[in-house]
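Everything below concerns the one structure shown next.
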Amino acid sequence: QVNLVESGGGLVQAGGSLRLSCAASGRTFTWYAMGWFRQAPGKEREFVAAISWGGTTTYYADSVKGRFAISRDNAKNTVYLQMNSLKSEDTAIYYCAAHRTVFTTTPVDYWGQGTHVTVSS
């Protein structure tokens, strides 16, 4: 079992930045690729970004390329999502995910509870 707890969400103006964190506990963190999905009101959950267990491979949704950056600190069992140049369409609940292999879609092995991000225009 892997427990994932997100933090760092909040309200930000368009053009601003936020950094989300996801702290993992339970099974060995380095066994898992990590990533983020988001779900906007009335929409399906969508892939945002993912990173391999060693941090050498990353994937991004086209909608966030060049604006978001995913990273991980295996010593702290934490994955981060740096979000810059935020837009109103980035407003969503952001979910941390862990999976045995690097991923760009569901299903994944574990989910966090989510953290709200609201971008005001």
Side-chain angles (χ1 to χ4, degrees):
Q1 181 71 24
V2 175
N3 297 311
L4 304 173
V5 179
E6 303 96 333
S7 61
L11 174 65
V12 63
Q13 288 189 333
S17 299
L18 280 176
R19 189 176 80 155
L20 305 183
S21 300
C22 173
S25 61
R27 288 190 171 184
T28 304
F29 182 66
T30 53
W31 289 358
Y32 294 90
M34 302 294 296
W36 296 87
F37 288 77
R38 67 186 182 186
Q39 188 166 16
K43 295 188 177 181
E44 294 186 352
R45 193 171 297 190
E46 65 175 3
F47 170 77
V48 175
I51 188 167
S52 60
W53 67 269
T56 57
T57 303
T58 57
Y59 295 95
Y60 295 95
D62 288 342
S63 59
V64 306
K65 278 181 183 177
R67 300 188 299 121
F68 290 11
I70 189 170
S71 61
R72 66 189 293 163
D73 185 339
N74 288 343
K76 295 182 178 180
N77 289 357
T78 301
V79 63
Y80 305 98
L81 184 68
Q82 178 67 44
M83 305 187 295
N84 300 324
S85 302
L86 283 161
K87 306 175 182 179
S88 58
E89 51 262 45
D90 295 317
T91 295
I93 301 173
Y94 283 71
Y95 296 92
C96 181
H99 195 59
R100 289 155 288 170
T101 57
V102 71
F103 54 90
T104 60
T105 187
T106 56
V108 298
D109 293 327
Y110 300 101
W111 291 102
Q113 293 297 309
T115 186
H116 289 254
V117 172
T118 303
V119 183
S120 63
S121 56

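- In terms of heavy-atom proximity, R72 sits nearest to A33 at NH1-CA, 3.9 Å.
- The shortest heavy-atom contact between S17 and S85 is OG-N, 4.4 Å.
- Within the model, atoms CZ of R67 and CD of Q82 stand 12.0 Å from one another, a figure rounded to the nearest 0.5 Å.
- Other members of a hydrophobic cluster containing V5 are absent, since no ILVMFWY side chain comes under 4.5 Å of it, directly or through relayed contacts.
- Residue S21 forms a side chain to side chain contact (heavy atoms under 4.5 Å, CB included) with just one option from T115, T78, V79, D73, and that option is T78.
- M83 and L11 are not part of a single hydrophobic cluster, where members link through side-chain heavy atoms under 4.5 Å apart.
- Cluster annotation: I93 is not connected to V119 through the hydrophobic network of ILVMFWY side chains, with a link wherever side-chain heavy atoms come within less than 4.5 Å.
- By the 6.0 Å contact criterion, CD on Q113 is open, its count of non-hydrogen atoms from other residues, nucleotides or ligands being 12 or less.
- The distance from atom CG of L86 to atom OG of S120, rounded to the nearest 0.5 Å, is 10.0 Å.
- Applying the side-chain hydrogen bond (donor to acceptor under 3.5 Å, both in side chains) definition to pairs two or more places apart or across chains, those involving residues 91-100 are R38-Y94, H99-D109, R100-D109.
- Hydrophobic cluster membership differs between V48 and Y80, with clusters built from Ile, Leu, Val, Met, Phe, Trp and Tyr side chains linked at under 4.5 angstrom.
- Shortest non-hydrogen contact noted between C22 and M34 is SG-CE, 4.3 Å.
- Among pairs with a residue in residues 37-72, those fulfilling ring pair (Phe, Tyr, Trp, His ring centres under 6.0 Å) read F37-F47, F37-F103, F37-W111, at least two apart in sequence or across chains.
- Both V12 and L20 are part of a single hydrophobic cluster, where members link through side-chain heavy atoms under 4.5 Å apart.
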Stepwise salt bridge (Lys or Arg N to Asp or Glu O under 4.0 Å) test for K65 and D62: CA-CA 5 Å; K65 278 181 183 177; D62 288 342; 3.2 Å; yes
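- One hydrophobic cluster, built from ILVMFWY side chains closer than 4.5 Å, cannot hold both L81 and V102; they sit in different ones.
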